[in-house]
Amino acid sequence: MEEINYGLILVADDDKDILRIVREYLEQEQYQVMTAEDGEEVLRILQSRKVSLIIMDIMMPKMNGLMATMKVRESSNIPILMLSAKSEADDRVIGLSMGADDYLVKPFYKKELLARVQSLLRRYYQFGSAADGGTSKKVYYDLCLDTERKKFFVRGTEVSLTATEYKILDVMLSRPGKIFSAEEIYEAVWQDTSYAIENTVMIHISRIRAKMELNPKEP
């Protein structure tokens, strides 16, 4: 498969040795790399530079990786790969729920890091805003909702949706990582006040999951 070796990668970690090692790994593969030592610096860089991928540690001073991820997701679907220690399992789950695309546990191997980077960049350039400026696609991990053509793609394959299913995904993919209640979904999609509607919403959600998960019985 053809390698994707373009775009600027931003690496954020307060451990200078980790920054040096990751930068060396990436530059050996001809990636352009910038570094930051805390979440606030990540946000400042994003204001002035076009970044294709963020590799970010969870535990950093000033603003940690979890908070920085949440801030990034308010305006961008740039892929985020989180770095974490083995003891930070709960934080990894929180990071994914806040919008991180993947995580890597320290210490890690060079090949493992490069494989994750390659996979995230490939999805981003095939289905994300890097492909069309982000004006008509809502992307989260390997899900892509094309709002211009009204089509939905899972892992690059088009999936047929009903009008209601489409509206539910449109709402949910507008806020990647946010946990929606049944009431919030109902009011946004049906444009009506919710009352004892959980079963209605969950039936539609179960249908969507059946269409997009490899094994809906084991989500």
Side-chain angles (χ1 to χ4, degrees), residues 3-5 7-47 49-125 128 130 139-143 155 175-180 213-215 218-219:
E3 295 295 311
I4 299 175
N5 292 327
L8 177 64
I9 298 177
L10 175 58
V11 184
D13 199 309
D14 61 327
D15 187 325
K16 296 184 185 299
D17 288 334
I18 293 293
L19 283 182
R20 177 182 55 80
I21 291 170
V22 174
R23 181 167 200 156
E24 287 178 358
Y25 286 169
L26 295 172
E27 289 183 340
Q28 287 171 4
E29 301 299 316
Q30 308 304 311
Y31 289 108
Q32 299 178 53
V33 182
M34 287 188 70
T35 60
E37 296 186 12
D38 60 72
E40 290 183 356
E41 190 174 0
V42 168
L43 298 181
R44 287 196 298 270
I45 290 173
L46 292 179
Q47 290 177 353
R49 299 296 301 270
K50 181 177 175 58
V51 175
S52 297
L53 171 67
I54 302 172
I55 301 174
M56 182 157 52
D57 186 38
I58 289 179
M59 300 302 294
M60 295 187 294
K62 296 184 180 180
M63 181 185 290
N64 64 34
L66 298 176
M67 182 60 68
T69 295
M70 186 173 67
K71 292 290 186 181
V72 171
R73 283 293 173 257
E74 290 177 358
S75 59
S76 174
N77 68 339
I78 298 170
I80 298 175
L81 174 62
M82 302 211 83
L83 302 180
S84 68
K86 290 183 179 180
S87 61
E88 298 166 357
D90 291 342
D91 286 340
R92 294 199 295 271
V93 173
I94 295 172
L96 291 173
S97 70
M98 286 183 171
D101 297 275
D102 203 351
Y103 66 86
L104 196 57
V105 177
K106 302 175 186 177
F108 47 80
Y109 293 103
K110 176 181 178 181
K111 287 185 178 180
E112 186 178 13
L113 171 69
L114 295 177
R116 301 290 182 90
V117 167
Q118 188 71 26
S119 177
L120 289 170
L121 284 175
R122 180 171 289 110
R123 284 199 297 267
Y124 185 56
Y125 276 87
V139 179
Y140 184 67
Y141 203 55
D142 51 6
L143 309 179
R155 293 174 287 277
R175 297 285 300 278
K178 173 180 168 56
I179 299 175
F180 287 85
E213 292 183 354
L214 294 174
N215 185 355
E218 296 183 7

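Taking each heavy atom of P61 and D38 in turn, the nearest pair found is O-CB, 3.1 Å. Contact between M56 and I80 at its shortest, heavy atoms only, is CE-CG2, 4.1 Å. Annotation for G39 and A68: closest pair CA-CB, 3.9 Å, computed over non-hydrogen atoms.
Looking at R23, its side chain never comes within 3.5 Å of a backbone N or O of I18 through a donor-acceptor pair. The backbone N or O of E37 lies less than 3.5 Å from a partner atom in the side chain of E41, making a donor-acceptor pair. Although no hydrogens or angles enter the test, the distance criterion places a donor-acceptor pair under 3.5 Å between the side chain of R116 and the main chain of Y103.
Under the side-chain contact (heavy atoms from CB on, under 4.5 Å) test applied with I54, the options I9, T69, L46 reduce to a single match, L46.
A distance of 11.0 Å separates CG of D57 from CG of L104, quoted to the nearest 0.5 Å. Annotation: the span from L26 atom CG to L113 atom CG amounts to 5.5 Å, rounded to 0.5 Å. We find the CG-CZ distance between D142 and R155 to be 5.0 Å, quoted to the nearest 0.5 Å. Considering CD1 of I55 and OH of Y25, their distance stands at 12.0 Å, rounded to 0.5 Å. Atoms OG1 and CG, from T35 and L10 in turn, are 8.0 Å apart once rounded to the nearest 0.5 Å. Here the NZ-CD distance, from K111 to Q118, works out to 14.5 Å after rounding to the nearest 0.5 Å.
The environment of CE in M67 is sparse: at most 12 heavy-atom neighbours from other residues, nucleotides or ligands sit within 6.0 Å. No more than 12 heavy-atom neighbours from other residues, nucleotides or ligands sit within 6.0 angstrom of NZ on K62.
Side-chain contact between V42 and K71 is absent, with no heavy-atom pair separated by less than 4.5 Å. In this structure, L8 and S52 have side chains that are not in contact, with every pair of non-hydrogen atoms separated by 4.5 Å or more. Between F108 and V22, some side-chain heavy-atom pair lies under the 4.5 Å cut-off. Taking the side chain as every heavy atom from C-beta outward, Y31 and L53 never approach each other to under 4.5 Å. M82 has its side chain within reach of L66: a pair of non-hydrogen atoms, C-beta onward, lies under 4.5 Å apart. By the 4.5 Å heavy-atom criterion applied to side chains, L43 and M63 are counted as neighbours.
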